[in-house]
Amino acid sequence: MASSLRPLLAQSTRQLPLRSISRATLGQPRRWKSATTLAAPDALDPKLTSLDLSALSVTPTTTPKTLTPNQELVFGRTFTDHMLSIEWTTQAGWHPPRITPYQNLSLDPATCVFHYAFECFEGMKAYKDKTGAVRLFRPDKNMARMNRSSARIALPTFDSEAMIRLIAQFVKMEERHIPSQRGYSLYIRPTMIGTQRTLGVGPPGSALFYVIASPVGPYYPTGFKAISLEATTYAVRAWPGGVGNAKLGANYAPCIVPQMQAAARGLHQNLWLFEDLDPVTGEKLDYLTEVGTMNLFVAIKGKDGTKELLTAPLDGTILEGVTRDSVLTLARERLVPQGWQVNERRCTMQEVAAAAAEGRLMEVFGAGTAAVVSPIRAISWRDEMIPCGLPENEEAGPIARQMKDWIEGIQYGDEEHPWSVRVGEDPDIKLAAIALKSFTSNITSNYTIAAQPVSTSGPWKIFDAKRKTTGKAASVFVFDKKSLEPSGASLGGRSSAASLKRVHEEVLERLKKEASALARLRHPSVLELQEPVEETRQGGLIFATEAVTASLASLLHEKDDQERSGGVGGRSSRFVVEEADGTRRRRELEIDELEIQKGLLQLGKGLEFLHESAGLVHANLTPEAVLVNAKGDWKISGLAFAGPHETSTAATSLTAISLNEVLNLDPRLPKSVQLNLDYTSPDFVLDNSLTAAADIFSLGLIIIALYNSPHASPLSTNGSLSAYKRLFASSSSVPTQGNNFLVPSSHPLPPKLAAELLPRLITRRPAQRMSAKEFQEASYFDNILVSTIRFLDALPAKTPNEKAQFLRGLPRIMPQFPKTVLEKKVLPALLEETKDRELLAPIMSNVFAMIKGMPTGKRAFTDQVVPKLKEVFITSKPSGDRDTSREAGLMILLENMKVAAENCSGKEFREGILPIIHLALESPTHALVDAALCTLPAVLLVLDFSTIKNDLFPVIANVFAKTSSLNIKIRGLEAFYTLIGGSASTGDSVNDGDDINGFSTTSKKSSSTSASAAILDKYTIQEKIVPLLKGIKTKEPGVMMASLRVFRQMGEIVDSDFLAMDVLPTLWSMSLGPLLNLAQFQEFMALIKSIGSRIEREQVKKLHEMGSGSTSSTIGASATSSRQNGSLSSGLNGMEGEADFETLVSGRTASAGQNGDLMNDWSAQARPAASTTRSQSSQEQPMFSWQSASTPQPQPQYNSMSTLHAAGQPSSRAITPDQTLSSFTALAPSTTQYSRPLQPASHTMAMPMRPTQQQQSSLSSPPVASGGGAGIDWSAATQQRAFPPPLQPQSSFGAASRPTANGGSGAFSSFTLSPPPTSPQAVGSFGAPPSRQVQNNISGAMGGVQQPQQSQQQGQRSGLDKYESLL
């Protein structure tokens, strides 16, 4: 069946009209991503997405299948014993999961999946490593993508982590089906289908999620086999705004026929190309998308020698492949250090072909789950095979081989990597993300917790989290009791199980004390606790706090790594987080001088609170105890050893620590849970004194660590109390001002810090140290930036006048601030003050100034600014009176709309900013409406077509229709002009690049570009915008000229018949406005002529096509007799080519501008001159050699042949062709019924030439010339015929021919409508070039060609009768 189907498919495909697809906007993937945000309204409802793992039921099979030998495995043919299935309904959400024997599904014939393709799936694999353990490869990526796919087609979503655990349990049951041999695996197919029994189109009310599995062998059993591709443009895999980024079954079936087509031509797969216009040049280019069902990678060498690995960006048409992400991540980690560039960018087939021709194309390969990588040898493109860089004797390039080795090494456990998830004996997956689930508590139930920790603080691992109910960011601190278990080497022989258990319990109590202290000590400089500490089922501890970025210790380690690698850019940061949309970013954690000063001030405030208000000493102040929150503030934590100091009088429930116990470190415990002697004060060790000043000494050591190299304390004791005492026995080993505090000279300390501050912190005697309050007043902090930060901290307490002065002066010092301080400190402080409406405008000005100056402006704008804008302008709408302060702030936002659009995704802009624009458009304040309309060019760049058409355009149209302001009316017209594709650089002149006949290439290119850039569709333009323009009542020139601009752009987009019936009458009405001056009127007339020319060209072309079809039967019927008698009938009646008619008839080379003859201009512009130039005399009239001279007779007004005369040439001349007339092209200037040239006739003809049937129905047969030889009866053209006015034909070339008073001819461009002339004028123009077809049936014996002299006479007409043919 398949073999018999392929020829049929090939034939049918060739017969289809194949058209390229072009996007509405050029080079802007911004709208393509909007599809990824589409989801059913309840797709994320927790009630409908949660899974109850405890309700899992397992029914083992009673008839296990016989295992298929590895060598007999065929992909997707053999299945395992069981399947996992979970039903879902809108009433109950996800039902209890079931693992049952593999079985058929029972579905009603009306099930919606069969009719409307409610189906999505995933492909993933399980592997056995060399130890026999089962591993999954990045299952979190598969489940996240499946959630996106299901949400896109209104299917339910689910808890990804819970689903991974269920799949892990299922895989564990099917472990015997997983081959142990390298290269083999278990292919896992999670699938979801809509199961509602209905033929109605709507979101399914029920669904089924099921998982089946199939053991598979290696994709290349005998090694790599490079494939060849067919570059496919006649079919498109995905398109902007579609579902190419979702893994739907509906995306795969349409690709089968093109693949069969490629196979029939000897090629393995399709390379899907997307034809689009270059955003700069407007050239049509073929952009690479995917290959078959895989992502495509290209390794290319730049002309400067730079090596680049590239793939198409995730613009909405590309599937976000798991292997694709793996290749990109590994390449960035391991190839970039080797000098490679790794980019996600658009690449064209033209670029690949050029690189191949120049020897710069290194290799091309696909990437997917089945094969990992698939090398490509060649690409068939435009009838040419493009080699892809592989030598003939090799089947894969070095990058493809390396990627396969790297990824398979992770998949099979050769390289321990977080991507490889090991399925343990317990159904839980032994990975941090799933291990965290074992800490069952209220916190794990109420928070969504990240898979991997972002930092550590002593013994605590810190995880990013979000509260499920509010989405508020938080951090979860987790302590695993197993971390206390020492290695065998550290136990020695003295430990007993009982004593070790007692020590562990003491540590747990101390850590509980640390978390509990945070609950009691509430201060802006102390870490804020959100959830109290809880015990987990495995004996660990967990609590939640405000969002934390990292500990200061982690930042210092990061800084050490950067410095060892050659600076900040020397290595990638370990602080990489994944956003909600799946994108990964690096956290900005660089520590500069201002960050240090700001952080130290905050620590000083925290210590002042602890020492004086709480009466406590921290006792273990180290970089591990200092946490940097999401705003960049430094917070005190690590209070496990905190207690009352010896001079405290404050009431507290905390007990003082025993210095003898905590100073003697226990080797059985990790150092992270014990006192850090490297930052301890000598007051504890040498004086056994629990003073508050000990924290000041520790603060001094932290400051030294910030500037030291490496960034550590100058005291290094290795946890030994005796080593600490030895250090302080010698002044040279103690940090002092004399030895530069033991900081290397390569890392100089700030002068004020070294000379004034540190000597009063790092001193042996506690009484000589400054207090925490004095620390904050040190001159080290006396500078404008720190003072600004201090003012910001106290901003709520300042007077309105002080706030206003501060906001006016802030822009002057804003460039001096580090960008991270602006984002995390200054911006949030200003946004908090937006509640004061009087300050709204200056706050908004400062906010946008910061956004423009920050590299991370987009994140800051979407995370901080947009929610505040919604709160200010949407949520809290003013009641009653006009709020001028609020309007002033809104005006600032509108003026900065371009900044807002550049820093928002389409979804964020639509939900956050667009309602504010609607608010401004509907405002009674004309200035706001005007400013809102001016934002349109920026707004269109970020919104998708549906939003523009359905949400934005109706509001603009309503404003335009109701406004009484001329300025708003003009702004509305400018908005319409932009919406239909106009811009400041186009559409200002109708004559640019156009010639008199409208054949200019420039004109066509401009028209095409404008049309393709239109935002609104043709229907909306014709049915919505034009009626609005027709309804304009004012004749004010400004409004009229703005309307003209809209019509001018519209003339390049809408249909010609619509232009004729709806646009031209409106233009005529506007052009006669009494307030227009001469120049403005002439602009209207120029547009009317231009539109008329377009209407004429398209109508002539349509009639030409209709005429060619209607004459085909006549041509065919007379072909045989015409050829037998040497007749010209076949040649003249069969003219469908593009003959150079003027050169043939006149016998001279056409040149523009002779006597105003438009024929010369058409000939020179539209067609090249004839290849043979003949000598000619202006005093001779050419005659055909077979024609007898005839007396000129009157020419009928409507005969198109009247345009072919040589005006002003009374004499004749003889023309001798270089060869026989068979070398001339056919005589066919047009094919309409009234303009077809009169046919030659001969007394020797078996059948005289006659008009077509269409002509015979309207005209009587012309007389046949008699005489020797064949001849053209020119006299027939002079017979005047009267037609009823409705049937009066127009010249097929667009304008009536009228003689001037002196016998010459005047010229107007096509479709000239001018005021009534004082004298008749002759108009002649070709509306479309004649077709080109070589005349094959002209007798070789024909001699010269003569052109008879012709005169034109005009019938006596007056008034409007002269324009009957035009009207």
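These numbers come from the heavy atoms of this one structure, side chains and all, not from hydrogens, waters or symmetry mates. Residue numbers run from 1 in the order of the sequence given. Quick caveat, the model's predicted, so the values are computed rather than measured.
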Sidechain N-carboxylate O distance under 4.0 Å for Glu122, Arg148: no
Is the side chain of Thr111 donor-acceptor paired with the backbone N or O of Leu107 at a distance under 3.5 Å, no angle test? no
Go through Tyr252 and Phe121 one step at a time and tell me if the ring-ring contact (aromatic ring centres under 6.0 Å, His included) criterion holds. CA-CA 11 Å; Tyr252 290 77; Phe121 67 97; 5.4 Å; yes
Quick one: does any side-chain atom of Thr862 pair with a main-chain N or O of Arg859 as donor and acceptor, under 3.5 Å? yes
NZ/NE/NH1/NH2 to OD/OE distance under 4.0 Å, Lys247 and Glu119: no
Give me the ring orientation class for Phe477 and Trp460: parallel if the planes are under 30° apart, tilted from 30 to 60°, perpendicular past 60°. perpendicular
Strictly distance-based, threshold 3.5 Å: is any side-chain N or O of Ser206 a donor or acceptor partner for the main-chain N or O of Thr89? no
Are any side-chain N or O atoms of Tyr187 and backbone N or O atoms of Ala370, one a donor and one an acceptor, separated by less than 3.5 Å? no
Fit a plane to each ring of His417 and Trp419, take the angle between them on a 0 to 90° scale, and name the class: parallel (under 30°), tilted (30 to 60°) or perpendicular (over 60°). tilted
Salt bridge present between Glu320 and Arg138 (N-O < 4.0 angstrom): no
Under 3.5 Å, sequence neighbours excluded: what are the donor-acceptor pairs made by side chains of residues 98-106?
residue, atom, partner, partner atom, Å
Thr100, OG1, Gln103, NE2, 3.1
Gln103, NE2, Pro101, O, 3.0

Under 3.5 Å: donor-acceptor pair, side chain of Ser149, backbone of Ala246: no
Partners of Glu911 by side-chain contact (heavy atoms from CB on, under 4.5 Å), sequence neighbours excluded? Lys907
Under the 3.5 angstrom rule, does the side chain of Asn295 hit a backbone N or O of Thr311 as a donor-acceptor pair? no
Using modelled atom types and a 3.5 Å cut-off, is there a donor and acceptor pairing between side-chain atoms of Lys635 and backbone atoms of Val628? no
Please check if the side chain of Thr329 supplies one atom and the backbone of Ser326 the other of a donor-acceptor pair under 3.5 Å. no
Sub-3.5 Å donor-acceptor pair from the side chain of Asp480 to the main-chain atoms of Ser483, do we have one? no
Answer yes or no: is there an ion pair linking Asp81 with Lys65, defined by an N-O contact shorter than 4.0 Å? no
Is His115 reaching over with its side chain to a backbone N or O of Pro109, donor-acceptor style, under 3.5 angstrom? yes
Evaluate the side-chain proximity of His95 to Phe209: yes if any heavy-atom separation is below 4.5 Å, no if none is. no
Do NZ/NE/NH1/NH2 and the carboxylate oxygens of Asp414 and Arg182 come within less than 4.0 Å? yes
Closest contact, heavy atoms only, Met294 versus Ala371: CE-CB, 4.3 Å
